[in-house]
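Scroll down for the structure; my scribbles are underneath it.
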Amino acid sequence: IPSRSAENPREPPVTTAPPTLRREAMDKRFDPASYEPRLQRWWHERGFFRADPASGRPPFAIMIPPPNVTGKLHIGHALQSTLQDLLVRWKRMCGFEALWLPGTDHAGIATQLMVERELAKEGTSRAEIGRERFLERTWAWKHEHHGNIRRQLDLLGASADFTRERFTMDEGLSRAVAETFVRLYDEGLITRGEYMVNWSPQLQTAVSDLEVESKTVHGHLYHVAYQVEGSDERIVVATTRPETMLGDTAIAKHPDDERYRHLGGGAAILPLVGRRLPFVDDAAVDPEFGTGLVKVTPAHDPTDFEIGRRHGLPAIEVIDRSGRMSEAAGEGFAGLDRFAARRRVVERLREEGRLARVEDHVHNVGHSQRGGEPIEPLISTQWFCDVSAMARRALDAVRDGRLALVPETYVKTWEHWLENIKPWCISRQLWWGHRVPAWYDAEGRVFVGRDAGEAAARGGVDPAALTQDPDVLDTWFSSALWPFSTLGWPEDTEDLRTFYPTDVLVTGHDILFFWVARMAMFGLHLTGEVPFRTVHLTGLVRDAEGKKMSKTAGNVLDPADLAAEYGADALRFTLAILDVPGRDVPLDPERMAGYRAFGNKIWNATRFALARVGEDDRVQTELPADGLAAPERWILSRLSATAGEVNARFADFRFDEACNRLYHFFWGDLCDWSIELAKPALAGDAPRPRVGDVLLTVLDRSLRLLHPVMPFLTEELWQRLPGREAIHPETIALAPYPTAEEGWRDDEVERRMAALIEVVTRVRALRAELEVPAAERVGLALGAGDAALADFLAEHAPLIADLCRAELSPAGTERPGAV
RNA sequence: AGGCCCGUAGCUCAGUUGGUUAGAGCGCUACGUUGACAUCGUAGAGGUCAGCGGUUCAAGUCCGCUCGGGCCUACCA
């Protein structure tokens, strides 16, 4: 290394030995892109994140909420992945055998729609190419996109065990699905039956209640006059869906409604059709609404379906699976779209003088979450899962504390939903997914089994004579098994024994019912244990103004772009510090720029330390505070307190508070004060014992404390610390996580140093107030009412003077209590 | 209709069991290139804690009501 003075004679001569080449090699520029990909590759090549069930260390497991295999990670995934990785890295450093299991979901409807869109571009369709070729196309699509999720997790620095990566439709998980279906069928919890379901005419499939979104619609309330049979009396019935009247089979009233008591036993005549509609009494009718009389369409309304069942009414299907009027709707209506039919019916009613009046009416209408169109309630034969008993177990698990929801405000929501749960429609008229493991013979008899052979054997029939159910299972059916199917269930594997039940689930509150509740129910039922002990529910990531991100609003932030611009660590830090329980996350790139600056600060502080510490200074595994000067004892005390606080906050899932604490410790305590206080000592102007060792030791522990949040930067810097091999020979990722050190805690030093800091701050404020030029040295006399404190300040007077650009007044001029 | 959450500095938000002078980041103002960092440093301005009432020695914090905003659940035709 050429000496600076030789190169440039005007530079002051180098007085200390030159730093090692490794220290000198540190680039002045802080550039995350220069090391992030290299470290991620190295970590995984070295297998640091491969979990070993035989290690003997206590296990800690997190299962990733599997993203859509053909999708890409959005900012919400980045938030959840950051928190999961943070927890897993923290626990790993705390000595746990930490497993973060990654994987992807086949996402039935979503993926099928994507492939159908592709086909449409090519001018063909699912129906045209047939089931077999369609599935080939979808698998090809899956393989094409399969690496995307892994690549994006890599960008974030995910310390997931990719040797255990799973896919919901891979062989093992598919076996788990069949196993579950057969078990629940044998227990009578899965049944096939004809019920009213939510039908999506656009997707041509049944969907579950959760896949129906209720939207406010400005519609009309049509009042239709009916003729009472054998009388001159006209009664008026109100409806929002006049087209369904073509399938009416009764008129219902409340049993106690005195106004209509005389109608009991009689009937009305259905306009346009002429059908005889008996009057029925049913408590489901609200006498207060409309006229207190309800037209009953058992085939196209859930309430009417129930009324129909109670009174043995026929169900006439007037709307078909594509949302058009069927033959049963009659001449002039058959073949019309359901909304066109509505207009036609209203027209005809008006012509016939049957339309008493029309009011504007605002009401909620169920829409298909995926298709977007209004749901058509239809009677259909589907597979249902009775989850009522499982729901009670899931309720108990939360009530008795085996399963904790964080934040706990979700407990009420959880209870409300589970207490009112209804059978889950699990079959879907789709092709992409786990095919229902049920087979039928020529007579339509059902045989259920793990495969065709077993189904046939169980029924004692010839497998060749059986046809498999064409439907697939709801995507969430396989997702519900995720925490244990990924570990090998139903096999009794070492992974399952070691890592199940898992510890934490981190996911968005939007899939509390879709996924979390179902995992809890299936997990408890099938394994007898909660699938995870704690659920940390995150909010929705919004833009800087708190608005929802959407493609149409153009405010979508892509985590890959953000990682490229600010570095993955800054992205992670921002997401973690903004994760306040129970609140949405307003993500402001300006703020991320601030945390990139924090990375820069850490980079430069380390660069400074490496350049200034003595050649023999080293990171210490143990460093007794005895014999150290106050500034050194102070920073060690602050470090110890920070370590204690950060561990406690991580344990409480208060990532925001932990990050805040780390930020202020590093920037405030360490950089603004400790390093500034160390400068004269490091320069040799006023030597203090072990200043370099302390600085390196504090940096080591600070980097370790920060590692779960900022893994890349901390690894890159930690590798350069002299003596860090004593902490861990290879990587900071496996180095122990620092905890509070009782021996470093020193309240007295903290109190005195707080006074010293206040003195400096006040002098600086005074200078600013009196507009003393920055370069001008002011006179300073120090003193304090407290004799011990006065001694302390006197002892550190040169340091204080240095920090306020002051010159000490001649000795003997101090006045107690004055500065 | 029921449930949940929110309303604190210009903006986005912290504020644990009620307890000195209510904090952070960004933004703003003034000064500054002092031996790592201008992705920086020093100092500073800025708040009737939505409103009203109550409990208390003490309320941003607990209770009630009002206003405003958001979310979830729900078969009112």
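Below, all heavy atoms of this structure are taken into account, side chains as well, without hydrogens, waters or symmetry copies. Just so we're clear, the structure is a prediction, and the values are computed from it rather than from any experiment. In what follows, chains carry the letters A, B, and so on, assigned in the order in which the sequence lines appear, proteins first and then strands, with residues in each chain numbered from 1.
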Could you check whether the side chain of [X] and the base of [N] have a donor-acceptor pair of N or O atoms closer than 3.5 Å, going by distance alone?
X         : N      : answer
Arg805(A) : U34(B) : yes
Asp685(A) : G35(B) : yes
Glu657(A) : A24(B) : no

Candidate nucleotides [options], ranked by approach to the side chain of [X] - the nearest:
X         : options                : answer
Asn660(A) : A24(B), A77(B), G35(B) : A24(B)
Asn364(A) : A74(B), G35(B), U12(B) : A74(B)
Ala597(A) : A43(B), G25(B), C40(B) : C40(B)
Phe513(A) : A43(B), C72(B), U39(B) : C72(B)
Phe30(A)  : A36(B), U39(B), A24(B) : U39(B)
Arg654(A) : G15(B), G35(B), A77(B) : G15(B)
Lys422(A) : C75(B), G35(B), G25(B) : C75(B)
Phe608(A) : A36(B), C71(B), A43(B) : A36(B)
Val580(A) : U42(B), U73(B), A14(B) : A14(B)

Taking only N and O in the side chain of [X], is any of them less than 4.0 Å away from OP1 or OP2 of [N]?
X         : N      : value
Lys412(A) : C72(B) : no
Lys28(A)  : C37(B) : yes
His363(A) : A77(B) : yes
His361(A) : A77(B) : yes
Arg762(A) : U42(B) : no
Lys679(A) : G35(B) : no
Trp603(A) : C40(B) : no

Would you say Asn660(A) and Asp656(A) are linked by a side-chain donor-acceptor pair, where the criterion is simply a distance under 3.5 Å?
no

In whole Å, what is the span from the [atom1] atom of [X] to the [atom2] atom of [N]?
X         : N      : atom1 : atom2 : answer
Tyr410(A) : C71(B) : OH    : P     : 13 Å
Leu512(A) : C71(B) : CG    : P     : 17 Å
Asp652(A) : U17(B) : CG    : C1'   : 13 Å
Asp656(A) : U16(B) : CG    : P     : 12 Å
Leu540(A) : G70(B) : CG    : C1'   : 11 Å
His220(A) : C76(B) : NE2   : C1'   : 19 Å

Hey, which of these two, Trp673(A) or Thr409(A), hits RNA chain B nearer its 5' end, going by closest nucleotide?
Thr409(A)

For Arg542(A) and for Glu769(A), locate the closest nucleotide of RNA chain B by heavy-atom distance; then report the residue assigned to the nucleotide nearer the 5' terminus.
Glu769(A)

Does Lys601(A) make a cation-pi contact with Tyr663(A), if we ask for NZ or CZ under 6.0 Å from the ring centre and within 45° of the axis?
no

Sticking with atom [atom1], work out how far [N] lies from [M], rounded to a whole angstrom.
N      : M      : atom1 : result
A50(B) : G70(B) : C1'   : 16 Å
U73(B) : U21(B) : P     : 45 Å
A24(B) : G47(B) : P     : 15 Å
C31(B) : U20(B) : P     : 37 Å
G60(B) : U8(B)  : C1'   : 7 Å
G27(B) : G44(B) : C1'   : 14 Å
A9(B)  : C71(B) : P     : 23 Å
G25(B) : A14(B) : C1'   : 10 Å

CD-CD1 distance between Glu211(A) and Ile375(A), expressed to the nearest 0.5 angstrom
8.5 Å

Rounding to 0.5 Å, atoms OG1 (Thr574(A)) and CG (Asp569(A)) come to a distance of 10.0 Å

Looking at side-chain heavy atoms only, is the closest gap between His254(A) and Asp282(A) below 4.5 Å?
no

Just by distance, do the side chain of Arg596(A) and the backbone of Glu565(A) share a donor-acceptor pair under 3.5 Å?
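Checked: pair present.
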
Run the numbers on His300(A) and Glu376(A) for side-chain contact (heavy atoms from CB on, under 4.5 Å), then give the verdict.
CA-CA 7 Å; His300(A) 297 291; Glu376(A) 187 57 54; 3.6 Å; yes

With a cut-off of 6.0 Å (strictly less than), are more than 12 heavy atoms of other residues, nucleotides or ligands near OH of Tyr195(A)?
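Atom OH in Tyr195(A) is not packed in, count stays at 12 or less.
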
